[in-house]
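All remarks here apply to the structure that follows.
Atoms within each ligand, like the ligands themselves, are counted from 1 in listed order.
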Amino acid sequence: MELPFAENYKIKMVENIRRSTRAERERWIREARYNLFNLRSDQVFVDLLTDSGTGAMSDRQWSAMMLGDESYAGASSYYKLKEAISDITGFPYFLPTHQGRAAENVLFSTLIKAGQVVPGNAHFDTTKGHIEFRKATAIDCTIDEASDTTLDHPFKGNVDLNKLQHVFDTHPLEQIPFIIVTITCNTSGGQPVSLENMRQVRQLANRYGVRVIFDAARFAENAYFIKLREPGYADRSIREIVHEMFSLADAMTMSSKKDGIVNMGGFIGLREEELFRQASVYNIMFEGYITYGGMSGRDMNALAVGLYEATEFDYLETRISQVAYLGRKLHEAGIPVQYPFGGHAIFVDALKFLPLVPREQFVAQTLALELYVEGGVRGVEIGTIMADRDPVTRLNRYPSLELVRLAIPRRTYTNNHMDYVAASLINVWQRRNEIRTGYRIVNEAPILRHFTVELDRV
Ligand code: F0G
């Protein structure tokens, strides 16, 4: 008998979670103004809002925390992290920040001017927010295949080189500060970018003399998919692949809350000393002195260990197999999910799931709310609410996909929880034809509105 797959860890500490009744959940979500971000965590049974900062640290990470050096300047924890980052990514310079968007804030303050454009593959919302905040424009150059959720394509995060070329053909060079490649591409469904594509982007950037920056929050998951799917990489180690990936970038922004497997933290990795110097000024202003930048010494220690754990094959196999386990359960029930399954999450195609709900009544949000009321499972809308209004026309932007993302925290839930999530969603699926109306906005912020938006039933 072939031995079945099993997790590459056992559990040393547990955290109790509590089930609730449907009546409780109906009341709680009404009080939360139909915004899942407004719920208290104890009102949620299985929390798939995000895989960001929600993972379980290992015993090695916890023990490294005890050795944290909290010196303001020159802490040994800083040097430990610097060594880990340069060993794993190859970037000789780095700046710690308190999380990923802070890295964006610091680096974009250094590089972006008003009126510029930043091409990339489906920029994440904070990335786009930090570009638009500087009166610049993010141009999405993701391949068209990414928006067909049923299409089997190994690298749906890839940049479309013709679209990228078009940006260079239609804008003067001084208007393009850099290209940003998000690995894996969260917005297109946790989909990876191939090394071949990264190389092509690099070549195009070299031709025009612009920088390539990686938004590398899930770089290790991206490397796992390269090993499994890209010809020529099956025998290469994850760390070798990671090295090759980063050799194609000039800098990286990192949310360590994902593939750093820590609860808080981020950094910028850089190759050029001069850029490091310029960014240091903003880092000191916004984050903290350059040897801590918003992180405590113990957190830098935990991250230094986490980066190694996240780039172990067995860890990645455990992690990504669990995501696929949930994906398969939903797929087998006939539920339309993004295919192939993403690295950190399963994305449910809400337009196909709830075809009767009008687009302007926020289809994906409607589905996310139904799932919460059904089972106390919290996912997140990646659709029209998250897409914000057009900064010029102030009209709602309708993205090509309305998705509900079920993001799986790292090393946190068991496959029994995945069964529970699948059953909850299947129950909603069985009554989908009774769901005909959605929600309207009562209150919203001018940017990144999904965090605080208040809704009411139509
Ligand atoms: N880039 C990507 C691709 C992300 O997914 C995120 C965060 C960030 C940057 C910003 O990092 O949260 O540390 O400031 N994504 C989280 C998510 C919030 O739920 O997908 P941060």
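Side-chain contact between Arg397 and Met386: absent, with no pair of heavy atoms (C-beta onward) separated by less than 4.5 Å.
Judged by distance alone, the side chain of Arg271 and the main-chain N or O of Ala249 form a donor-acceptor pair under 3.5 Å. Within the 3.5 Å criterion, the main-chain N or O of Thr142 finds a donor-acceptor partner in the side chain of Lys163. No donor-acceptor pair under 3.5 Å is formed between the side chain of Glu70 and the backbone N or O of Ser296. A donor-acceptor pair is defined here as one N or O able to donate and one able to accept, closer than 3.5 Å; no such pair exists between the side chain of Gln116 and the backbone of Thr137. In this structure, the side chain of Gln191 engages the main chain of Pro340 through a donor-acceptor pair within 3.5 Å. Not a single donor-acceptor pair under 3.5 Å links the side chain of Thr187 to the backbone N or O of Asp125.
Residue-to-ligand polar distances place Ser255 within reach of ligand 1: an N/O pair is separated by less than 3.5 Å. Residue contacts with ligand 1: Gln99 is placed with a nitrogen or oxygen under 3.5 Å of a nitrogen or oxygen of the ligand (distance criterion only). For Lys257, no nitrogen or oxygen atom sits less than 3.5 Å from a nitrogen or oxygen atom of ligand 1, counting backbone and side chain alike. Some N or O of Lys258 is nearer than 3.5 Å to an N or O of ligand 1, by distance alone. Polar contact with ligand 1: present for Arg405 (N/O pair, distance under 3.5 Å). The shortest N or O to N or O distance between Phe124 and ligand 1 is not under 3.5 Å.
Atoms of ligand 1 lying under 4.0 Å from any heavy atom of Thr182, numbered from 1 in the order shown and given with element: 3 (C). Heavy-atom contacts of Gly100 reach the following atoms of ligand 1: 11 (O), 13 (O), 14 (O), 21 (P) (cutoff under 4.0 Å).
Counting heavy atoms under 4.0 Å from ligand 1, residue His98 does not touch it at all. At a 4.0 Å heavy-atom cut-off, ligand 1 touches Arg101 through backbone and side chain alike.
Among protein heavy atoms, atom 2 (C) of ligand 1 sits closest to Asp215 OD2, 3.5 Å. Protein heavy atom closest to atom 10 (C) of ligand 1, with residue, atom name and distance, is Thr126 OG1, 3.5 Å.
For Lys258 and Glu221, the salt-bridge test fails: no basic side-chain N is under 4.0 Å from an acidic carboxylate O.
Shown are Phe246, Phe219, Phe214, Phe276; of these, the ring-ring contact (aromatic ring centres under 6.0 Å, His included) with Phe91 is made only by Phe246.
Residue Glu104 places a heavy atom less than 4.0 Å from ligand 1.
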